Structures are given as structure tokens and as C-alpha cells.
Amino acid sequence: MVDGLGGGPVKVDVPPQSNFFEVLKALKAAGHAKGLNALAVLVDGVAVDLVATVPGSSAVPVRFLTFDDAAGQEVFRHSTAHLLAHAVSRLFPDVLPTIGPVVEEGFYYDFAATPFTPEDLERLEVEMRKIVAEDLPVQRLEMTRDEALVAFASNRFKVQMIREFEDGSITAYRQGDFIDLCRGPHVPRTRMLKSFKLTKVAGAYWRGDQKNEQLQRIYGISFPDAARLEAHLKALDEARERDHRKIGQEMDLFSFHDEGTGFPFWHARGMVLRNTVVEYWREVHRKYLYNEILTPAILNMSLWQTSGHYDHYRKNMYVTQIDEVDHAVKPMNCPGGLLVYKSRLHSYREFPLRVAELGAVHRHELSGVLHGLFRVRSFTQDDAHIFCTPEQVEASVVETIRLVFEIYRTFGFTDVHVELSTRPLQGSIGSDEVWRVAEAGLEAALKSQDIDYKLNPGDGAFYGPKIDFHVKDCMGRSWQCGTIQVDFSMPDRFHATYEAEDGTRKIPVMIHRAILGSLERFIGILIENFAGKFPLWLNPTQVKVLPIGDKFSDYAKQVGDELVRAGLRAEVDLRNEKLGKKIRDAQMQHVNYQLVCGAREAETGTVAVRMRSGEDLGALPLAEVIARLKDENDRRVL
RNA sequence: GCUGGCGUAGCUCAGUCGGCAGAGCACCUGAUUUGUAAUCAGGCGGUUGUGGGUUCGAUUCCCGUCGCCAGCUCCA
């Protein structure tokens, strides 16, 4: 029975001991397999080669894999990785191949070698094309462990892998004079691997461990036809065009300088964007009954000893001395928040007490991981701590989840993916009972809101379970932004208490939460999501007023002033340039509206409205335009 | 932090097999007075990231260093 051809399963008869090529032939003869382009085959859920023997019973379900199946794509790309290793073995006979898996962005192969140069990649691509043209058959070889140890004796990495394999037969694949240890399956002939590109070289460690030998990794991508490869490379180009570091410079939003590696400098226009985000954030937090505090950047080291940061994360903290006493720049806001909490007595009647802080934190990240606004050494967390009783955890989490979704929706992120992480197997603190209640509370909160989530057992923080929120941008990329973490430990460490209904002092539960995560990173995400073409409410420059000539400068200035007085961000382009030039520049700055002022407009008190899309709304009375833009701005239309 | 690549004008990038450092854009000035994505001309602008070495001579070759980029590792 062959499935997956469209329509129901199809039955074909082939002689006993046939391979799947016979099945394909029979299907084609019956008019079924047209344009199938099978790469491998799924027999009872297990991917095998097309040359494998067809099972004797028709009860076993069979499905051919093409590039359009995830599993088929994997076979294809993995075969391309072998093709690469084959080419390397021809051009660099002394190089030892190690492993070559398929990853999300194609495939890679790690080699024990001296570094490859970009020219080497070009030569390798040429050699790979040669091997494709030779159309070598790809054969599966089964061998015993001893045979495998002999066959791969010269490759210490393969020997190590063979030794670690579980018992049973070991498989390898041969194409021409190249043999590689591999579970398979593979495409049957090298000819099928038509379109590929080697994309980059990088160092990588054997088994991903820094202590091990460093290998040379070659990344590549492959497709069954040139058109798909082209489309893929074009999409990569588009992603490069959206790079927030590039747009940030073009739009004059922020910069980085050698004098402060990893510390962003916000320019005036970037601050408008940032303040707009913050303004909205404050507005919605007021609505959700938060209050806001601000705690100092540098605090005595004893505080970090109490919080536990000194023990666990000292290497990431910036330390200094004040009057010869050790201090640290804060890497997190919660210890400071706890000092504020402790500055007076609290009653259960105040709970849940929602305390927000847009706190600037500094962390010493490794130099190699810094990346624009996405990974910096100083950033502002949209932090908040909710102090409550254990009974209030669930309701507080529900309320926070609602807030998270409301905020994401305002920025246009409606595709949100949620993960729940539970108690780590080792190193966690707190009683079983407390953990059980907290995990149940988070789970109940998610269920009550009908939210699908992924469970990550053992991935929680050492002090409590957490919910993480990932937003998907318009390119389909997922970004972890929000987090809700229940914490039983910190209030205890700090001896924070509240007066309970029965008059006793109790320790509150503390819920840490961030929604945007890092303001810097979130703005980076916004820039890439919108490719700099911000919706009106977020755009640093919303309107450009464009006089057609000097004669209309006064009228244009008047228009600009009125827009600004109405609370819109407008600039007037008084340069001695032609209209086409002014429009072009406004377009390149992604300004939402261009208001053209010439003789007709000046006489009638109108402006000719051109939208960023290129749509021309014609001349409209200024008052009408202002009302319309204000409405779009105030409603935060996307 | 590790491996590799790269640092030339505010930006994007040429160039120099070791011999007077260039273009476009931006900016300034002048002409032009402009109607929906680039008007023309002129001008300003650089210790070639930085420190050292080799050399008659270094932007070019070598070493150190800082930064950027890609990946690895890390990410409370």
C-alpha cells in the first residue's frame, strides 16, 4: 500500500524482493507517481533508501518522501553534506571528516582541518558539481563493529563514534571512492543534488564542547532545483535589508562606539521611538493597576551576596568600589525592588501588590555574543514584581497573561507561542509542596485562558517555575520576549514579610515578570518586523511637509506648526530641491505621510496628501488631515 | 572567551603586485523656483582603526592591540 500520492492509499504489485524503484515504475505505469521525485521512502514510519527491499506484506504502509516532506528534505540536505565531505576528501586528502548533520538553515559538516578560506569554498563547490555530474550511485553498506573499526581506523573521530554506538550492525554509505559512517537514508544517485551553495565557514568544537578540539565547520544549503535556491538566497538578502543595525544607522536611531563595546547610544530619533513605546507601556500598566519605582544602578556587594547573584553570576557583573567597599552594577532589578518592599510593613490587604520598574541593568556578556540591540551589555528591562499570597498566584498569573497578550497585540504580534518550564531535577530550592502548588497554579492559569503551550520539564529557574512567551515576527522568526516566574526564594532570603489576616507575619510569593523583555531588544525586533516602515504611532517622523518652492515656505511652516501643535511629529523640508527629490527622501526615511504645499493648497488652506504606499489622496483641508492623522495615531493603528 | 574574515571621507565602497589616496551619496556655496521616488555646477571633507616592526619609502608586508561581521560556546 502506497500512501501520500493524493487521494487514498494505492495498491501496487511488484515481484518479491523488488526494491522501491520497481514500485515507482509500477506506480508510474499505473499513472500515479507522475512528478513524484522520490528521494527516499518511509516504510512503517522509518525512512529507508529507495534501493531497500520492499516489505513482503501489503499491510505495511509505504510513503515516498520528496523534498516537500520535512523528512525528505533532511535526506536531501544530508546527502548534500556527504557530497561536500566527498569533495573535501578529494581536494584535501589529509582532512578528517567528523559529522555532518542537517540543521534548520541547511546543513553543515565539521572537519578536523586547518581553516578553509572563501576560495577553498569555491573550489569545493566546483568539485561537488563534478561529483554530481559523475552521477555516482550512493550505496548502503552494512558492517559489524569490528569491520567498521577497520574501515575507519584512520579517523579517530569516527572510531570514537563507532565505539560509542549501541550494539547491532553499523551502516556506512559509499559514493565512488568516498565512504562515510552514516545511518542514512540517502538519495540514490549524486545527480539528484543539483542546486547547492556553501554559505560560510566557522570554527566549532568537537561535540560542541569548548574543552574539545576545535574543528572547521562548513555551512551549506541545497535544493532540488535552481529556482528554489535562488528564492532562498533572495529571502536571505531581504532579511539582510531588514537588519536593525543597518536600519538603525540609516534612520539615525542609535549607534555603537568603540568607547563602550556593547553599550547602545540612543539618538534623538531613536529616543522618540523608545519613548513612544514606554509611554504606551506606562499607560497600559496604569490600567492594570501597577505602580512604578526606580532603584539605583550601583549597590553594595552584600546585597548581591544576599540575593545569590554573587555566588552564581559574579563573572557577569561589573564590580567597583565606593569608599573602599565592594559594590556591583545591578544585573537585575529584583534585589533593589525587595529593598523598596521592605522599607515599610505590608498587609495582605494591599495584595496583589504590583510594582513595575523600567530598570537599566548591566551584564558582562562575552564579546563574541554581542549583536546590535539584540545582545548588549546594558539594557532596560520592563520588569515588575508582584507580591501576593500563594492563593493569589493563579489569579495574578492570569491577569499578567492578559496583559502580555494585550501589549503584543498593540504592536501587531498576534502569533504568540507559550512555554511552561517546571522544576529542575537538580539544584532547585523550596519544598515539594510549594513547587507543586506553583506549577499547578501556572498550568491552571494557562488552561483557564485556553492557551496552548509547550511543556519543558526541568527547564524552570532554580527558585521557581516559569512561563515564557515567544512572538513570531512577519518573517516567521520567533523571539522570546515575555516571562512570568514564580519565586519562593528571594523574599525569604531578604526576610520580606507581610501581615496576614490572622495577624502573623508571613513570607509573600514574588512573581517576576517582563513582557517586552529588554526594551532595546524589543525595539530591534520592531525595526526588523516593520523593516523600518513603522506604523504611524511608532514612527519618529510621521509627516513631512513639502513646499513646492520658496514661495510656499511660509505656508508649509504654518502647516508644520499646526501639525506639531496637534501632537504629531512633523518636519518641513525647506531645502532648495525639486518636489520629486523631497518625496524620494521622505520615502527613504519611511515617513508615513507627505503633505505637498503649492499654489493651489496655499490658496485654499489645504494640503495634497501622499501616503507612504504611494497612494495620492489629493488635496484635503488641513483640519481634516490633522483630525485623520491624530485618530490613526491615538488609536495606534498598525 | 574561541576560530575565521574584515577595518580607506559622516555613509556605501573603489584603489595601491610597497612610490603624490579616489568615486557616488550626504554636507556647504552658487545657479535654477521646481507638482508626486534623484536639477546642474563648484567646494569642504582622510595621520587609510590603533601601537610597533621591516624598508630609502608602509594605506599596502609582518607582529601586537581595539573594534566590527559570521559561526561556536554562554545567556540568572
Side-chain angles (χ1 to χ4, degrees), chain A residues 103 105 108 110 113-121 199-219 240 243 245-246 249-250 252 255-262 304 307-317 331-332 334-335 361 363-372 374-377 381 424 427 460-464 466 480 483 485 487 489-490 512 518 544 546-553 575-589 594-601 608-612 614-619:
Chain A
V103 290
E105 274 292 289
Y108 66 78
D110 284 347
T114 51
F116 295 102
T117 64
E119 293 73 42
D120 290 337
L121 288 197
T199 48
K200 50 202 167 199
V201 272
Y205 302 99
W206 169 240
R207 307 233 143 137
D209 190 331
Q210 213 165 349
K211 291 191 218 57
N212 289 341
E213 185 174 343
Q214 180 134 24
L215 307 172
Q216 297 303 320
R217 176 171 298 180
I218 298 179
Y219 282 90
R240 257 191 292 281
D243 191 313
R245 292 167 299 186
K246 179 176 150 74
Q249 185 185 67
E250 286 166 356
D252 195 16
S255 59
F256 287 91
H257 301 274
D258 291 359
E259 290 80 358
T261 310
W304 307 109
S307 70
H309 290 102
Y310 182 87
D311 291 336
H312 290 279
Y313 307 108
R314 182 159 195 232
K315 63 180 198 311
N316 287 316
M317 291 165 66
M332 291 191 97
C334 29
V361 296
R363 300 177 182 181
H364 181 81
E365 305 288 357
L366 292 180
S367 60
V369 305
L370 301 175
H371 183 92
F374 287 159
R375 197 73 184 270
V376 290
R377 285 178 172 163
Q381 285 182 310
F462 68 90
Y463 49 77
K466 61 173 184 173
Q480 202 230 297
T483 184
Q485 307 182 354
D487 182 356
S489 144
M490 202 75 81
H512 307 249
S518 145
K544 277 265 188 189
L546 312 179
I548 282 169
D550 286 351
K551 282 182 293 219
F552 314 108
S553 288
R575 292 176 307 167
N576 179 10
E577 294 287 354
K578 293 169 89 165
L579 182 62
K581 169 72 166 168
K582 293 182 181 183
I583 285 175
R584 177 184 154 79
D585 287 349
Q587 283 293 127
M588 300 226 294
Q589 290 164 39
Q594 297 142 24
L595 306 184
V596 177
C597 301
R600 294 197 292 274
E601 290 78 18
V609 182
R610 184 189 200 274
M611 305 216 294
R612 187 169 60 194
E615 194 183 339
D616 187 351
L617 301 185

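In the text below, chain A, chain B and the rest are named by the order of the sequence lines, each starting its count at 1. Model, not experiment: these values are computed from the prediction.
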For B:G10, does the base pair up with any side-chain atom of A:Gln249 as donor and acceptor (N or O, under 3.5 Å, distance only)?
no
Is a donor-acceptor pair below 3.5 Å formed from side chain A:Arg375 to base B:C75, judging by atom type as modelled?
yes
Categorize [X] for me: base, sugar-phosphate, or nothing, with a 4.0 angstrom heavy-atom threshold over every strand shown.
X: A:Arg245; answer: sugar-phosphate
X: A:Asp258; answer: sugar-phosphate
X: A:Gln589; answer: nothing
X: A:Phe116; answer: nothing
X: A:Ala586; answer: nothing
X: A:Gln594; answer: nothing
X: A:His371; answer: sugar-phosphate
X: A:Tyr463; answer: sugar-phosphate
X: A:Gly598; answer: base
X: A:Lys551; answer: sugar-phosphate

In whole Å, what is the span from the CD atom of A:Gln216 to the C1' atom of B:G5?
12 Å
Starting at atom CZ of A:Arg217, determine the distance to atom C1' of B:U73, rounded to an integer number of angstrom.
11 Å
Is [N] paired to anything, Watson-Crick or G-U wobble with both distances less than 3.5 Å, and if yes, which nucleotide?
N: B:U65; answer: B:G49
N: B:A38; answer: none
N: B:G22; answer: B:C13
N: B:A58; answer: none
N: B:U3; answer: B:A70
N: B:G43; answer: B:C27

Which of B:U36, B:G35, B:A76 is nearest the side chain of A:Arg363? It is B:A76
Can you check whether [X] has a side-chain N or O nearer than 4.0 Å to OP1 or OP2 of [N]?
X: A:Tyr219; N: B:C72; answer: yes
X: A:Arg610; N: B:A37; answer: yes
X: A:Gln587; N: B:U36; answer: no

Heavy-atom check, side chain of A:Lys246 versus side chain of A:Arg240, under 4.5 Å:
no
Any carboxylate oxygen within less than 4.0 angstrom of a Lys/Arg side-chain nitrogen, looking at A:Arg217 and A:Asp110?
yes
Is any NZ, NE, NH1 or NH2 atom of the basic residue among A:Arg575 and A:Asp585 found under 4.0 Å from an Asp or Glu carboxylate oxygen of the other?
yes
Aromatic rings A:Phe374 and A:His371: how do their planes relate, parallel, tilted or perpendicular, breaks at 30° and 60°?
parallel
Polar side-chain atom of A:Arg377 near backbone of A:His364 as donor-acceptor pair, under 3.5 Å:
no
